[in-house]
Every structure is written in C-alpha cells, then in structure tokens.
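Everything on this sheet refers to the single structure shown next.
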Number of protein chains: 2
Amino acid sequence: MEDEHFVNLMHAAYVQNFPPQIELITEGDPSDFLHILLSGTVELFSTWKDRETCMATVYPISTFILAATIKSAPYLMSARTLEKSRIALIPSQDVLAAFDKDNDFARAIVGELATCYRSVVKSQKDLKLRTSLERLANYLLRTQKRAGNGGDFELPTEKRRLASALGMTPENLSRAFKSLQPYGVQVDGNRITITDQEDLERFAKPSPLIDDHTT
Amino acid sequence: MEDEHFVNLMHAAYVQNFPPQIELITEGDPSDFLHILLSGTVELFSTWKDRETCMATVYPISTFILAATIKSAPYLMSARTLEKSRIALIPSQDVLAAFDKDNDFARAIVGELATCYRSVVKSQKDLKLRTSLERLANYLLRTQKRAGNGGDFELPTEKRRLASALGMTPENLSRAFKSLQPYGVQVDGNRITITDQEDLERFAKPSPLIDDHTT
DNA sequence: TCGCGGAATTGACATTTGTCATGCGATGCC
DNA sequence: GGCATCGCATGACAAATGTCAATTCCGCGA
C-alpha cells in the first residue's frame with residue numbers, strides 16, 4: 001500500500017505485549033480493533049452453555065477477527081494468548097478508511113479474508129466428512145509437512161487443546177493415538193514418529209481440498 | 001456501483017436457466033465464473049471418499065463460491081440445483097477488474113464475503129458445541145423465525161438433506177424429531193407445529209452468535 | 001385407479017464417542 | 001526432599017450416533 005496511507009493507518013495503532021493465558025477479546029463484544037499477531041500464539045475459541053471449543057490457532061503473522069472488523073459486527077469468537085505474544089492493534093475505523101483509499105490494501109484485505117473463509121470451509125469439511133481417527137491422521141500429516149516432512153516432529157500444542165480443535169475429548173484423543181499405532185504412528189509425549197508413511201497416508205487419504213491450508 | 005463499471009462487469013455475463021438436480025460446479029475445478037442465484041435453490045455440498053455432506057443451501061439473491069473467484073483458487077464445494085433455478089454467471093476476471101476500479105463494488109464484495117465467512121463460523125460453532133438434538137431444535141427456531149414466527153410452518157427442504165446439513169443421518173433425524181415431542185414439537189410430513197414455544201426455547205438456548213445469520 | 005419408486009420411519013444392533021473415577025508421572029514450589 | 005498440581009493415560013461404563021433391514025407412506029405416471 002502507499003506510504004501515506006500506511007502512515008495514516010498506523011497513526012492511532014499500537015503494539016502491545018501480552019503474557020500467556022490472557023483473554024484478549026470476548027465473543028459478543030463489539031469489534032473496535034483489528035488484531036495482528038506479530039509473535040507468539042493465540043487461540044480462538046467459542047463457548048455455549050457450559051461448553052467451550054477451540055476454533056482455530058493463530059500463528060504469526062496473521063490478523064484475527066477480520067470479518068467482525070469489516071462488518072462492524074460483534075466478535076463471534078473469543079481469543080486468548082497461549083504464549084507470550086506481541087500484538088498490533090489498529091482501530092477498526094482506520095482499517096475501513098484505508099480500505100476505501102488504497103486499492104492495493106483493499107486487495108490484500110479481501111485476499112486475507114477469502115483465505116480465512118476457505119480455511120473454515122476446509123475445517124468444516126474435515127469435521128463433517130471424517131471420523132475423529134481420520135481427522136487425527138490427517139492432522140498428523142499436515143503437522144509433519146509444516147515441520148519439514150521429517151519422520152518425526154513435535155506437536156505444537158498440548159493434547160487437550162488438540163483434542164478440542166479436532167472436535168473430541170482428551171480421553172478419546174489418547175485412544176485415537178493408540179488406534180493409529182498399527183498404521184505406523186509412535187507417540188512419546190509430544191514427540192510423534194511416523195514409521196510407515198505410506199500406510200498412514202493410505203488410511204488418512206489427505207486431500208488438498210481439505211488439508212492444504214495455503215490456498 | 002457506477003453505471004459504467006456495471007456495464008463493463010455485465011458485458012460478458014449471462015443468465016441461464018437450469019432444471020433441478022443439475023451439478024453446476026464440481027469441487028476441485030478452477031473458478032471461472034462468479035455465480036449469482038436469481039431464483040430457485042442451490043445446494044452446496046462436498047464429498048470425500050464415498051461420503052457426501054451438505055455444506056449450505058443458497059437462496060436468492062446471493063452469490064456463491066465468491067472466495068474461490070477472488071483467490072482464483074479451485075472450488076472447495078460442489079453445487080447443484082435443487083429446483084428450477086435462474087443463475088447469472090460473471091467471468092471471474094471481470095469481477096476482479098471491477099473490484100479494482102469501483103470502490104463501492106469492492107465494499108459490497110468484501111461485505112458479502114465477510115457475511116459468508118461469519119456464516120460458516122456460526123455453523124461450525126453449531127456443529128462443535130451442540131448435540132444433534134440441540135442443533136435440530138435451534139434449526140427449527142431459526143426456520144420458524146424466517147417463516148414469520150407463526151406457530152406452524154413448512155420445512156423448506158427434504159428431511160434427508162436437512163439431516164445432512166445438520167450433520168446426522170436421516171434415521172437419526174427421525175428419532176430427533178420424536179425426542180423433541182416432549183418440548184412441544186409436532187411433525188406432520190413437512191409441516192412443523194410448535195405448541196410450546198417457551199419450552200422449546202428453554203431447551204434450545206438459541207444464541208445470536210450462532211443462530212442469527214443476518215449479521 | 002393402480003402400482004411403482006423414492007423418501008421416511010422404525011426396530012434391532014454395532015460402533016463411536018463421551019463420562020467418570022482412578023492412577024501415573026512430570027513439574028514447580030516451599 | 002517432599003508435596004501439591006496439572007496434564008495425560010486407562011478402564012469401566014453410559015450415552016449418542018451410525019448401520020442395516022424391513023416396512024410404511026406418499027406422490028407420480030401409466
């Protein structure tokens with residue numbers, strides 16, 4: 001975007017550091033600021049009745065709660081830091097103003113929004129078309145890929161959170177890991193070792209239309 | 001948007017009529033045209049392995065597969081007509097061109113996209129936070145509202161499709177209807193009668209952050 | 001009007017998933 | 001070092017959901 005527009009956009013913005021486990025925003029609240037995660041990790045989650053579920057995990061550098069900002073509508077999800085995190089906050093009205101003035105910025109915003117949208121659609125397909133075992137298997141393959149396609153890698157989250165993200169209980173996740181043993185999955189704490197890549201892929205049947213979160 | 005831009009946008013566009021049960025687009029295909037439903041009904045669905053699930057039902061007047069158009073990425077969902085439908089098709093490149101030239105159009109596009117995005121997020125919360133019984137109860141309340149808040153109304157879709165949309169089997173939907181009887185829900189074919197509004201609402205606990213699909 | 005075919009329902013049963021209680025093991029703090 | 005805490009694992013059990021087969025219902029066309 002143009003320098004002048006960028007200066008205007010950042011004029012009232014500020015960067016803040018947060019310790020872990022801080023609730024940054026609460027679902028239902030009005031959307032005053034666009035949030036951009038610069039470092040650390042943030043969890044997006046939702047609650048209903050006495051239940052809570054992990055909707056997504058945000059890694060740097062990405063925005064979150066962009067749609068609420070654009071629509072000036074209440075947040076649909078809450079957000080909390082998982083680690084010490086640096087977050088930039090830009091007043092929603094400035095984002096909307098920049099959108100009108102700067103075409104490249106508008107393009108970038110709409111691109112980011114479309115990516116987020118497609119990401120939820122993929123996640124919904126994952127949920128509705130697969131069993132929990134299949135979801136875990138595909139999650140492992142995705143995580144392996146992000147870690148560099150090696151035979152072993154670390155889980156980037158605690159298992160309780162992973163379970164929630166995959167739409168199951170922690171107890172069930174434990175059992176699911178055991179059920180994947182025959183397909184060549186070894187678990188030692190947070191360390192995963194895949195001993196039979198082909199067998200796991202044959203079971204998981206990953207699809208770019210569900211598992212490729214880059215497009 | 002400006003007349004001139006509109007004319008350019010519509011220049012290569014065309015309107016087509018489709019009979020029911022026609023597959024309009026297939027997931028994985030490249031996104032050549034933005035689709036706009038003018039009349040009729042369209043189902044968005046996805047498949048994996050030998051399974052299929054209903055992702056959303058589109059009613060006029062709305063676009064569908066907007067995100068794929070914007071990202072020039074493959075469709076994530078397939079679409080088929082459920083009834084005789086009129087659909088406008090606009091070449092993707094013309095949409096992108098108009099986006100750059102016309103600010104009001106860009107605003108409208110980003111607004112529509114944000115609405116679709118938020119709609120999937122709500123649907124995902126529905127799926128992950130509620131049991132199938134709770135999903136059905138809330139679906140009935142939403143449908144009642146759309147039908148004018150009367151004590152009785154018609155289901156707008158066949159039950160097999162509703163079951164798929166709610167993430168369950170047709171057999172389970174049948175049983176779920178029966179289980180809602182004690183809460184004042186009468187079913188006669190496609191006709192639903194709600195005899196005890198308060199009781200049903202007390203059970204369903206609808207929330208605008210999940211069930212209000214207008215914001 | 002009859003009969004066909006697809007949808008819906010129903011019952012019996014299997015599978016999956018969740019719940020609760022318990023125990024283990026690592027971590028951190030006094 | 002000992003103790004409390006928390007995450008994780010495990011077993012027993014309950015509840016929810018899916019599967020299969022049989023039957024009923026209903027709209028449509030011959």
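Below, read A as the first sequence line, B as the second, and so on, with proteins coming before strands; counting in each chain starts at 1.
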Determine the interplanar angle of the Y14(A) and F33(A) rings, folded into 0 to 90°, and report it as parallel if under 30°, tilted if 30 to 60°, perpendicular if over 60°.
perpendicular
Stepwise side-chain hydrogen bond (donor to acceptor under 3.5 Å, both in side chains) check, Q124(A) with S123(B)
CA-CA 9 Å; Q124(A) 177 134 350; S123(B) 157; 2.8 Å; yes
Could you tell me how far apart K178(B) (NZ) and dA16(D) (P) are, to the nearest whole angstrom?
18 Å
Euclidean distance, atom CG of residue N172(A) to atom C1' of dC13(D) [Å, nearest integer]
14 Å
Interatomic distance, E134(A) CD vs dT16(C) C1' [rounded to whole Å]
12 Å
Are R80(A) and E52(A) close enough for a salt bridge, meaning some N to O gap below 4.0 Å?
yes
dA7(C) P sits how many Å from L162(B) CG, rounded?
15 Å
Please report the distance, rounded to the nearest Å, between NZ in K128(B) and P in dA16(D).
20 Å
Side-chain donor or acceptor of T215(B) paired with backbone N/O of A73(A) under 3.5 Å
no
How long is the line joining CG of L133(B) and C1' of dA16(D), in whole Å?
10 Å
Please tell me which of the listed nucleotides, dT9(C), dT17(C), dA9(D), lies nearest to the side chain of S132(A)?
dT17(C)
Any donor-acceptor pair under 3.5 Å between the side chain of E158(A) and the base of dC8(D)?
no
Determine whether a donor-acceptor pair (N or O, by modelled atom type, separation under 3.5 Å) exists between the side chain of K122(B) and the backbone of D212(B).
yes
At less than 4.0 Å, is any side-chain N or O atom of T169(B) found next to OP1 or OP2 of dG18(D)? Yes or no.
yes
Please state how far atom CG in D188(A) lies from atom C1' in dA26(C), giving the value in whole angstrom units.
13 Å
Looking only at the side chain of S174(B) (C-beta and beyond, no hydrogens), which of the listed nucleotides dA7(C), dC8(D), dT10(C) gets closest?
dT10(C)
Counting only side-chain nitrogens and oxygens, does T131(B) get under 4.0 Å of the OP1 or OP2 atom of dA16(D)?
no
Euclidean distance, atom CZ of residue R130(A) to atom P of dT17(C) [Å, nearest integer]
14 Å
Is the base of dT19(C) touched by the side chain of R175(A) through a donor-acceptor pair closer than 3.5 angstrom?
yes
